[in-house]
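Taking it in order: structure first as structure tokens, then the write-up.
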Amino acid sequence: MSDPKAAKRIASGLSRRWQAVVAAGLLLTAAASNGSLVLAATAFPELKLLSEDWKPYHYVEDGVVKGQTADLLDKILEKVGSTQTREDIVFLPWARAFHQAQVDANTVLFSTGRTPERERLFKWAGPILKFDSYFIGKKERNFEIERSEDLHQYKVGVVIDGASAVFAKRHGIPEENTTFNSQGIFNVKMLAADRIDFIPIQWKNFARLATKAGIDPTEFEPVFLADTVSLNFAFNLETADGVVDRFQTALEEVLGLQEQAKGETPTHEVN
């Protein structure tokens, strides 16, 4: 090229174009890097999933984890992007699981009755469902209980750290009249043997335990309302709020889809 000034302008233009290309490349690289960092920062953590064997909600049968809450948990974990499934659930006696959930970070315990006495012990996601619990006794005793004070003369069986223990205390059952067991089925057997007078428990759960113990549940009846229970996922207090919030959002979405499939208004309640 014979014109030195024209050559200089072309060279300058090429330089500017290459500078733009390099700059664009750097921006894309930075964006990708930042995206990875954001993804890493928002990845759902691995949780320690604790529960007890409680049919029909979550239980093990022939080595397989089953139950409606186990089904729900699978769908929630999928929605939040977790690789965990129901197979990661650790089944423990309730008292041990309840204690462990309070001391181990990133632990979630279910299904946990959300009561005023437990409110500050956990962070909560739910409700999964609601139901009524009653003080259940033998029909042949013809109990007439009109208020909590009428229960105080009787012996009541509860599960250690269970909702039944909360109900007994709330209704003022004297400690000397309260029997603590590690499992609900022991209370059912004691009730059948007249060693205790009442168990505060959901009727369906009582009937299941009685049948399992070879006891006819029709010989018993709900006598006095203990409480309306809301079942929830209870998270260790050290769990990040964002984790619990994402779990709650996924829970609501899954329950909403289930209700839409049924053509019902979401209530998540059972009797």
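For the atom pair Q153 CD and I173 CD1, the distance stands at 10.0 Å (nearest 0.5 Å). Here the straight-line distance linking atom CH2 of W203 with atom CZ of F131 works out to 14.5 Å at 0.5 Å rounding. Between F235 atom CZ and L121 atom CG the span is 15.5 Å, to the nearest 0.5 Å. The CD1 atom of I201 sits 11.5 Å away from atom CZ of F220, with the distance rounded to the nearest 0.5 Å. Distance check: Q68 CD to K55 NZ gives 12.0 Å after rounding to the nearest 0.5 Å. In this structure, F233 CZ and S111 OG are separated by 6.0 Å, a value rounded to the nearest 0.5 Å.
Within the 4.5 Å cutoff, no side-chain heavy atoms of Q202 are placed close to those of V229. Annotation: side chain of L251 is in contact with side chain of L72 (closest heavy-atom distance under 4.5 Å). Contact check for L129 versus Y57: side-chain heavy atoms found under the 4.5 Å cut-off. The closest side-chain heavy-atom distance from K212 to V188 is not below 4.5 Å. Considering only heavy atoms from C-beta on, Q102 stays 4.5 Å or farther from T107 through its side chain. In this structure, the side chains of E219 and E140 stay at 4.5 Å or more apart for every pair of heavy atoms. V166 places none of its side-chain heavy atoms less than 4.5 Å from the side chain of D227. For the pair W54/T69, no side-chain contact is recorded, criterion being any heavy-atom separation below 4.5 Å from C-beta on.
Residues F247 and V243 share a hydrophobic cluster, clusters being chains of Ile/Leu/Val/Met/Phe/Trp/Tyr side chains in contact below 4.5 Å. There is no path of hydrophobic side-chain contacts, each under 4.5 Å, that joins I196 to L151. At a threshold of 4.5 Å between side-chain heavy atoms, the hydrophobic network of Ile, Leu, Val, Met, Phe, Trp and Tyr places L47 and V244 in one connected group. Residues I128 and V254 share a hydrophobic cluster, clusters being chains of Ile/Leu/Val/Met/Phe/Trp/Tyr side chains in contact below 4.5 Å. Linking Ile, Leu, Val, Met, Phe, Trp and Tyr whenever their side-chain heavy atoms come within less than 4.5 Å leaves Y59 and W94 in two separate clusters.
More than 12 heavy atoms of other residues, nucleotides or ligands lie within 6.0 Å of NZ in K66, so this atom counts as buried by the packing criterion. Under a cut-off of 6.0 angstrom, the local environment of CD in E78 is sparse, with at most 12 non-hydrogen atoms contributed by other residues, nucleotides or ligands. The environment of NZ in K139 is crowded: more than 12 heavy-atom neighbours from other residues, nucleotides or ligands sit within 6.0 Å. In E61, the CD atom is crowded: over 12 heavy atoms of neighbouring residues, nucleotides or ligands sit closer than 6.0 Å. More than 12 heavy-atom neighbours from other residues, nucleotides or ligands sit within 6.0 angstrom of CD on E117. Atom NZ of K138 has more than 12 heavy atoms from other residues, nucleotides or ligands within 6.0 Å. Counting heavy-atom neighbours within 6.0 Å of H99 NE2, excluding the residue itself, gives a total of 12 or less. Surrounding CD of E175 are at most 12 heavy atoms belonging to other residues, nucleotides or ligands under 6.0 Å away.
Proximity of a side-chain donor or acceptor of H152 to a complementary backbone N or O of H171 within less than 3.5 Å is detected. Put simply, the side chain of N236 gets close to the backbone of A101: a donor and an acceptor are under 3.5 Å apart. Looking at D150, its side chain does come within 3.5 Å of a backbone N or O of R147 through a donor-acceptor pair. Side-chain atoms of R114 never come within 3.5 Å of backbone atoms of N232 as a donor-acceptor pair (strictly under, hydrogens ignored). Judged purely by atom type and a 3.5 angstrom limit, D53 uses its side chain to pair as donor or acceptor with the backbone of V60. Proximity of a side-chain donor or acceptor of S51 to a complementary backbone N or O of F110 within less than 3.5 Å is detected. Side-chain N or O atoms of S164 include one that pairs as donor or acceptor with a backbone N or O of V159 at under 3.5 Å. A distance-only check finds no donor-acceptor pair linking the side chain of D197 to the backbone of G137 [under 3.5 Å]. At least one donor-acceptor pair closer than 3.5 Å links the side chain of D216 to the backbone N or O of T218. Of the possible polar contacts, one joining the N187 side chain to the V158 backbone as a donor-acceptor pair under 3.5 Å is found.
A centroid separation of 6.0 Å or more is found between the aromatic rings of F135 and F143. Checked against the 6.0 Å centroid threshold, Y134 and F167 do not count as a close aromatic pair.
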**Prompt:** Would Q183 and N181 count as a side-chain contact (heavy atoms from CB on, under 4.5 Å) if you check the C-alpha gap in whole Å, the side-chain angles of each, and the deciding distance to 0.1 Å?
**Reply:** CA-CA 6 Å; Q183 296 181 43; N181 280 303; over 6 Å; no
**Item:** Test log, rule side-chain contact (heavy atoms from CB on, under 4.5 Å), inputs D104 and L50
**Value:** CA-CA 11 Å; D104 292 348; L50 298 185; 5.9 Å; no
**Message:** Q100 vs V90, test: side-chain contact (heavy atoms from CB on, under 4.5 Å). Steps then yes/no.
**Reply:** CA-CA 11 Å; Q100 195 166 325; V90 177; over 6 Å; no
**Message:** The test is ring-ring contact (aromatic ring centres under 6.0 Å, His included); show your working for F224 and F198 and say whether it passes.
**Reply:** CA-CA 10 Å; F224 188 75; F198 290 108; 9.0 Å; no
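Shown here for N106 and P45, the closest heavy-atom pair between the two residues is ND2-CB, 4.3 Å. Between R86 and D71, the shortest heavy-atom contact is NH2-OD1, 2.5 Å. Minimum heavy-atom separation, P217 to A210: CB-CB, 4.1 Å. Of all heavy-atom pairs spanning V80 and R246, the tightest one is O-NH2, 3.0 Å. A pairwise comparison of heavy atoms in E119 and W124 identifies O-NE1, 3.1 Å as the closest pair. Looking at every heavy atom in both residues, A168 comes nearest to V156 through CB-CG1, 4.4 Å.
Only one option out of I215, T211, I136 pairs with F206 in a side chain to side chain contact (heavy atoms under 4.5 Å, CB included); it is I136.
Residues passing the side chain to side chain donor-acceptor pair (under 3.5 Å) test with T83, sequence neighbours excluded: none.
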